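This report concerns only the one structure given below.
What you see is a predicted model, and the numbers here were worked out from it, not measured in a lab. Each chain gets a letter, A, B and so on, in the order its sequence line appears, and its residues count up from 1.
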Number of protein chains: 2
Amino acid sequence: MYPLFKKLSTALASKNIRPSFQRIKVLEYLIENPCHPTVEQIFTDLQSIIPTLSKTTVYNTLNIFHKAGLVRVLNIEDNETRYDIITETHGHFKCEECGTISNFNIDIDSIETDGLSGFKVNDRNIYFKGVCPKCLLNIKHIDRKEHIS
Amino acid sequence: MYPLFKKLSTALASKNIRPSFQRIKVLEYLIENPCHPTVEQIFTDLQSIIPTLSKTTVYNTLNIFHKAGLVRVLNIEDNETRYDIITETHGHFKCEECGTISNFNIDIDSIETDGLSGFKVNDRNIYFKGVCPKCLLNIKHIDRKEHIS
DNA sequence: GTTTGGATTTGTAATGATTACTAATATTAA
DNA sequence: TTAATATTAGTAATCATTACAAATCCAAAC
Ligand SMILES: [Mn+2]
Ligand SMILES: [Mn+2]
Ligand SMILES: [Zn+2]
Ligand SMILES: [Zn+2]
């Protein structure tokens with residue numbers, strides 16, 4: 001019963017979510033892996049700790065967390081939902097080469113919008129796509145090799 | 001062989017897409033319905049014009065258009081991909097009450113970002129969620145009725 | 001400590017969107 | 001006209017997610 005366990009337990013209780021072992025472990029996983037994991041990744045990794053874990057429980061838990069505002073749901077691609085423990089508005093960049101999703105800061109109030117007067121905005125998502133610095137470097141290397149050969 | 005048909009045909013040809021009847025009709029549909037339709041909507045509506053149309057053809061066509069940069073793909077929700085004939089960067093607002101997706105203008109260069117130096121940005125997506133003015137009005141009306149009764 | 005009722009978890013079945021694949025059809029060039 | 005090629009249609013397969021029901025857990029009452 002390490003200290004973090006107690007901390008996460010009370011965090012869930014304060015949101016009226018009963019702190020079951022599975023729920024605490026999913027929350028802990030999200031905190032320790034802020035790399036925007038998929039359900040598959042969360043499920044596979046947690047199975048080594050909880051051998052009886054069901055994928056349905058991971059889905060249920062994440063949906064409960066989402067309704068409680070504990071996680072941010074990312075729908076960058078249509079075939080994989082990702083989860084982010086950081087709920088404050090920030091930008092996401094998906095590298096089309098390696099698939100990594102990285103955060104970037106964005107001054108949300110600096111965005112000039114036209115055509116939203118009278119709208120009640122609850123949620124802001126900013127997704128950029130392109131190539132990350134690491135992959136840009138690899139592509140250049142490959143290009144050079146191709147020119148030499 | 002109305003004039004638009006010829007126009008769309010050459011537009012496809014200029015992108016190295018052979019202008020088949022199905023492809024022209026999908027393109028025409030997107031232009032006439034800039035409301036960000038789903039594959040289901042496109043398929044159902046075009047079936048009345050092309051009774052033999054296959055949903056696979058709609059998928060294939062939209063994927064070809066996407067690769068050619070003719071359409072923008074919207075992944076606002078994880079269970080429904082939508083298509084937008086307007087490819088210039090602009091914001092999308094999805095009403096959580098009625099599901100309508102509306103456009104808004106955004107001065108993309110005014111966005112201050114921190115943490116993207118060295119990244120090659122190819123695509124920018126901005127999705128807001130909330131309640132549209134029409135639904136805000138309805139909610140207020142319902143509230144008033146509930147207070148009266 | 002036992003009982004009991006509700007919450008949670010599990011496992012499987014169902015759903016739904018998208019893709020894979022193949023035969024049929026249409027188009028193009030010889 | 002023919003033959004090669006591209007496109008389409010129809011069906012099967014895939015994969016993420018949800019629905020559902022039985023098993024299990026847990027907290028409160030006795
Ligand atoms: Mn993030
Ligand atoms: Mn749009
Ligand atoms: Zn990369
Ligand atoms: Zn609305």
Side-chain donor or acceptor of B:R82 paired with backbone N/O of B:H36 under 3.5 Å | yes
Check for a donor-acceptor pair, side chain of B:S9 on one end and backbone N or O of B:F5 on the other, with a separation under 3.5 Å.
-> no
Rounded to whole Å, CG of A:N16 lies from C1' of C:dA7 at a distance of 14 Å
Look at B:N79 and D:dT18 and indicate whether a side-chain polar atom (N or O) is within less than 4.0 Å of OP1 or OP2.
-> no
Whole-Å distance separating the CD atom of A:Q47 from the P atom of C:dT10 | 10 Å
Would you say the side chain of B:L116 lies within less than 4.5 Å of the side chain of B:F119, judging by non-hydrogen atoms?
-> yes
Between atom CD1 in A:I50 and atom C1' in C:dT8, what is the gap in whole Å?
-> 13 Å
In plain terms, say whether A:E32 and A:K25 are close enough for a salt bridge, that is, a side-chain N and a carboxylate O under 4.0 Å apart.
-> no
Please figure out whether A:F21 or B:P51 has its closest DNA chain D nucleotide nearer the 5' end.
-> B:P51
When rounded to whole Å, the CG to C1' distance for the pair B:N60 and D:dA9 reads 10 Å
Quick one: is A:Y59 getting a side-chain N or O under 4.0 Å of the D:dT18 phosphate, OP1 or OP2?
-> no
Can you tell which of C:dT10, D:dC26, D:dA9 lies closest to the side chain of B:S54?
-> D:dA9
To the nearest angstrom, the CG-C1' distance between A:L53 and C:dT8 comes to 13 Å
When the distance from CZ of A:R18 to C1' of C:dT9 is rounded to whole Å, what number comes out?
-> 12 Å
Ignoring backbone atoms, establish whether B:T56 has a side-chain N or O less than 4.0 Å from OP1 or OP2 of D:dT8.
-> no
Between D:dT18 (P) and A:L62 (CG): distance, integer Å = 10 Å
Ranking D:dA6, C:dT9, D:dT17 by distance to the side chain of A:S20, first place goes to C:dT9
For D:dT17, does either OP1 or OP2 sit under 4.0 Å from a side-chain N or O belonging to A:T81?
-> yes
Under 3.5 Å side-chain donor-acceptor pair for A:N105 and A:D107 | no
Which residues, if any, of residues 22-43 of chain B bring a heavy atom under 4.0 Å of DNA chain D?
-> B:Q22, B:R23
When the distance from CD of B:E77 to P of C:dG16 is rounded to whole Å, what number comes out?
-> 17 Å
Test item: side-chain donor near acceptor, A:H92 and A:D84, under 3.5 Å | yes
Does a salt bridge link A:E77 with A:K129, judged by any charged N lying under 4.0 Å from a carboxylate O?
-> yes
